[in-house]
2 protein chains.
Amino acid sequence: MPPRKSRATSFQVARLAGVSQPSVSRAFTPGASISKEKRDKILAAAKELNYVPNVFASSLSSARSNMVAVISGSLSNPFYSESMQVFIEQFQDAGRQVLAFSVEANRDCDEALMLAMRYPVDGIVVTSASMSSEVVRMSEGLGIPIVMYNRRVVGSNLANVRCDHEEGGARIGRFMHAAGARSFLIVRGDPQGSSSGDRERGFREAVERLGTRGIEDLAGGSSYSGARNAMIRYFGGPAPHFPDAIFAVNDIMAIACADVLREIHGLRIPEDIMLAGFDGIREGQRPAYGLTTVRQPIERMVRETLELLALDGGPIPNGDRKARLIPGDFIPGKTVPGLAAGT
Amino acid sequence: MPPRKSRATSFQVARLAGVSQPSVSRAFTPGASISKEKRDKILAAAKELNYVPNVFASSLSSARSNMVAVISGSLSNPFYSESMQVFIEQFQDAGRQVLAFSVEANRDCDEALMLAMRYPVDGIVVTSASMSSEVVRMSEGLGIPIVMYNRRVVGSNLANVRCDHEEGGARIGRFMHAAGARSFLIVRGDPQGSSSGDRERGFREAVERLGTRGIEDLAGGSSYSGARNAMIRYFGGPAPHFPDAIFAVNDIMAIACADVLREIHGLRIPEDIMLAGFDGIREGQRPAYGLTTVRQPIERMVRETLELLALDGGPIPNGDRKARLIPGDFIPGKTVPGLAAGT
DNA sequence: TTGTAAGCGTTATCAC
DNA sequence: GTGATAACGCTTACAA
């Protein structure tokens with residue numbers, strides 16, 4: 001591969017402006033000590049030569065890159081694409097650029113992490129998938145902070161920001177039970193992901209404590225198509241038996257459930273069967289669905305993620321400060337009948 | 001800001017392995033001439049020191065960064081977030097990293113472009129917003145190719161990939177007319193965007209040619225909430241008068257229209273009123289909507305965008321090859337009554 | 001305020 | 001195949 005056409009350097013600008021090369025650097029550094037007239041002369045020369053400073057070169061000497069890596073699971077789940085958007089916006093506001101990676105569902109993100117660590121990024125956010133302890137050790141050796149977003153790794157003390165999935169699941173469970181549901185179906189998500197498991201456990205324990213006639217579950221694959229296919233198969237018999245309520249561990253699967261229940265089985269929600277999801281994605285809140293769910297407060301979660309990265313050179317949080325458990329917002333919705341009393 | 005903890009360098013690895021520094025570089029360069037045993041020794045030393053090559057430094061000498069910038073409009077429009085996802089995936093497959101920028105709706109992207117150009121990126125993709133001729137000139141001076149995605153800039157010869165919006169709009173118009181629609185409402189999008197205008201024009205000319213009882217239009221703001229509010233206001237009178245058909249220039253606004261028509265006015269689609277959108281986003285194809293629309297073939301459009309960037313050092317396309325007009329896929333859907341005959 | 005000189009961590013070039 | 005040495009384009013002392 002041939003190198004691209006070369007760009008103008010600070011030396012060329014310096015020569016054209018009749019100053020020294022470091023002066024050019026100063027002219028582009030906010031707050032550097034340089035006379036106004038000299039700066040103007042330099043900027044004019046720079047414009048003439050189409051010069052802009054080369055971030056890679058400056059980062060080499062200054063040892064700061066202003067870049068962060070965001071490694072995300074499949075962006076086809078709206079929760080992750082909404083999160084990615086907020087990351088890009090908030091990092092941009094904080095004067096950082098985002099190097100974006102995507103990892104296929106159910107694969108570990110070691111490869112992406114190794115790639116990211118070749119860049120002198122100021123930090124790495126991992127929103128999905130698992131990683132080996134090897135890359136974690138390497139990130140520590142490199143001095144690059146990693147924050148897990150919406151994940152936790154059991155048995156590690158990695159910094160992480162996540163919603164209180166367990167309490168959120170329990171909240172859904174109590175709400176459905178109070179609405180009269182006694183038999184349940186749980187549509188499970190990514191078996192690797194800690195979030196799915198936490199939501200399921202919270203839900204299960206809550207309804208079991210309150211009393212139930214049975215809890216079944218099926219693997220929904222965390223995606224619309226996965227859940228749709230699983231539902232069609234599960235209720236595919238000649239006279240399918242429906243539970244009182246279905247809890248899908250995320251909204252995109254809950255939407256798939258709603259579509260299957262209505263289109264294929266002609267059921268009304270919530271009159272014939274109750275339904276709830278988790279995440280609070282926009283699509284689930286349209287009038288067509290009005291999903292009962294728990295919203296993950298993305299803006300806040302992203303903000304706390306930035307805090308944990310300690311990008312501005314503050315102390316890197318540790319101990320309790322390294323794990324942020326954020327309560328989700330319960331949204332009653334209209335796929336579970338509401339009640340007068342609180343739950 | 002203090003520099004981060006320093007990482008191991010190739011010199012330290014070289015010393016530990018008892019070789020010269022360039023050998024370390026070779027050990028990490030696929031296809032470099034180095035003996036297997038020496039490479040193994042070096043890789044072992046590297047592992048011990050947590051060494052990985054620094055991309056910034058290597059890019060400085062090799063003048064290639066393997067990074068591309070993607071500047072996108074608001075990712076809250078699913079078309080753009082789906083596109084961003086595909087860009088990330090396809091660039092990753094091509095061995096490139098994506099530096100992601102987001103630009104607020106209705107703002108030009110000069111600022112983001114200037115930022116991106118400070119990085120020695122191999123190319124820039126712009127999926128939104130307008131830009132000044134000044135930054136275009138600068139990109140040429142820097143030798144960084146720019147490709148517009150789903151946009152064209154009138155009066156410029158910037159490389160661009162876009163769907164045939166005009167023919168797509170016309171197709172929708174003919175289909176609705178064939179289904180019996182004679183009075184129309186167009187929900188317009190971003191007044192800055194060329195795509196919205198092209199779709200609207202194609203639609204308008206097609207139905208005018210076929211004969212109509214009137215075409216009205218309103219500004220939908222390109223977003224769900226914008227279109228929802230506009231629709232509520234537009235049909236807010238005591239006895240609103242509805243057209244035969246509504247064409248929203250993108251799916252996300254069409255979805256908003258469907259919600260307002262059904263929830264607020266109790267209309268059935270398509271029995272009481274026809275509706276169509278544009279883009280073919282996943283959400284519009286759920287059974288709850290089954291939107292009549294034109295799908296933009298994102299995968300193919302992204303592939304052609306990569307081609308135009310000529311990342312592998314091939315000749316940079318020019319002339320006719322610089323503009324790719326891709327036909328959209330018409331999706332009949334169920335929000336316009338189907339017909340036996342073609343349209 | 002300004003210029004000189006010394007890095008920053010790689011790859012490229014060239015002998016050996 | 002391997003090692004010395006010179007870039008790459010910038011920032012940061014340090015001196016003037």
Side-chain angles (χ1 to χ4, degrees), chain A residues 1-42 45-46 49-67 117-121 142-144, chain B residues 1-42 46 49-67 117-121 142-143:
Chain A
M1 276 182 285
R4 290 270 174 213
K5 172 184 171 184
S6 64
R7 35 203 290 171
T9 73
S10 56
F11 273 96
Q12 297 167 12
V13 175
R15 189 149 42 88
L16 181 60
V19 300
S20 72
Q21 179 271 328
S23 292
V24 177
S25 173
R26 290 178 186 119
F28 281 91
T29 306
S33 67
I34 186 175
S35 70
K36 174 159 175 29
E37 45 189 20
K38 180 157 285 192
R39 151 173 278 134
D40 291 343
K41 200 164 52 174
I42 292 173
L49 296 177
N50 287 320
Y51 169 82
V52 280
N54 181 331
V55 174
F56 279 20
S58 65
S59 158
L60 244 199
S61 14
S62 67
R64 270 173 290 103
S65 70
N66 284 341
M67 262 177 44
M117 290 190 296
R118 285 179 169 231
Y119 292 80
V121 291
L142 293 171
I144 300 179
Chain B
M1 277 182 284
R4 289 270 171 215
K5 172 183 171 183
S6 66
R7 38 203 286 172
T9 73
S10 55
F11 274 96
Q12 297 167 12
V13 175
R15 189 150 42 88
L16 181 59
V19 300
S20 72
Q21 179 272 327
S23 290
V24 177
S25 173
R26 290 180 186 115
F28 281 91
T29 305
S33 66
I34 185 173
S35 69
K36 175 159 174 30
E37 45 188 22
K38 181 158 282 189
R39 151 173 279 133
D40 290 344
K41 198 163 54 172
I42 291 174
L49 296 178
N50 287 321
Y51 169 82
V52 280
N54 181 333
V55 174
F56 279 21
S58 66
S59 158
L60 204 51
S61 4
S62 68
R64 270 173 291 103
S65 70
N66 283 341
M67 263 178 41
M117 290 190 296
R118 285 179 170 233
Y119 292 80
V121 290
L142 293 171

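Bear in mind the structure is a predicted one, so any value in this text is a computation, not a measurement. A, B, ... follow the sequence lines: proteins, then strands. Residue 1 opens every chain.
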Terminal axes of the helix from C/dT1-D/dA16 to C/dC16-D/dG1 (five pairs each): angle between them, nearest 10 degrees | 30°
Fit a plane to each ring of A/Phe56 and B/Phe56, take the angle between them on a 0 to 90° scale, and name the class: parallel (under 30°), tilted (30 to 60°) or perpendicular (over 60°).
-> parallel
Any side-chain N or O of B/Lys38 under 4.0 Å from OP1/OP2 of D/dG1?
-> no
Outermost nucleotides of DNA chain C that come under 4.0 Å of a non-hydrogen atom of chain A = C/dT1 to C/dG9
What pairs of donor and acceptor atoms, side-chain ones from residues 16-23 of chain B against any protein atom, are under 3.5 angstrom apart with sequence neighbours left out?
unit_1  : atom_1 : unit_2  : atom_2 : d
B/Ser20 : OG     : B/Ser23 : OG     : 3.2
B/Gln21 : NE2    : B/Ser10 : OG     : 3.1

Below 3.5 Å is the cut-off: list the nitrogen or oxygen pairs between protein and nucleotides 7-10 of chain D, distance only.
unit_1 : atom_1 : unit_2  : atom_2 : d
D/dC8  : O2     : B/Ser61 : N      : 3.4
D/dG9  : N2     : A/Ala57 : O      : 3.3
D/dC10 : OP1    : A/Tyr51 : OH     : 2.8
D/dC10 : OP1    : A/Asn54 : N      : 3.3
D/dC10 : OP2    : A/Ser10 : N      : 2.6
D/dC10 : OP2    : A/Ser10 : OG     : 2.8
D/dC10 : O2     : A/Ser61 : OG     : 3.1

Closest non-hydrogen atom pair between B/Tyr119 and A/Arg7, with its separation = O-NH1, 3.5 Å
Between B/Arg39 (side chain) and B/Ala27 (backbone), is there a donor-acceptor pair under 3.5 Å?
-> yes
Hey, is CZ on B/Arg118 packed in by over 12 heavy atoms from elsewhere, all under 6.0 Å?
-> yes
Sugar-phosphate, base or nothing in reach of A/Ser23, heavy atoms under 4.0 Å = sugar-phosphate
A/Thr9: side-chain contact (heavy atoms from CB on, under 4.5 Å) partners, not counting sequence neighbours = A/Phe11, A/Gln12
Determine the minimum heavy-atom distance between B/Asn50 and A/Leu142, stating which atoms define it.
-> O-CD2, 3.4 Å
Contacts of B/Tyr51 that satisfy ring pair (Phe, Tyr, Trp, His ring centres under 6.0 Å) - sequence neighbours left out | B/Phe28
Heavy-atom donor-acceptor pair, B/Arg26 side-chain to D/dG3 base, under 3.5 Å = yes
Inter-residue atom distance B/Asn54.CG - A/Leu60.CG, 0.5 Å rounding | 6.0 Å
Do B/Ile42 and B/Arg26 come close enough that some side-chain heavy atom pair is under 4.5 Å?
-> no
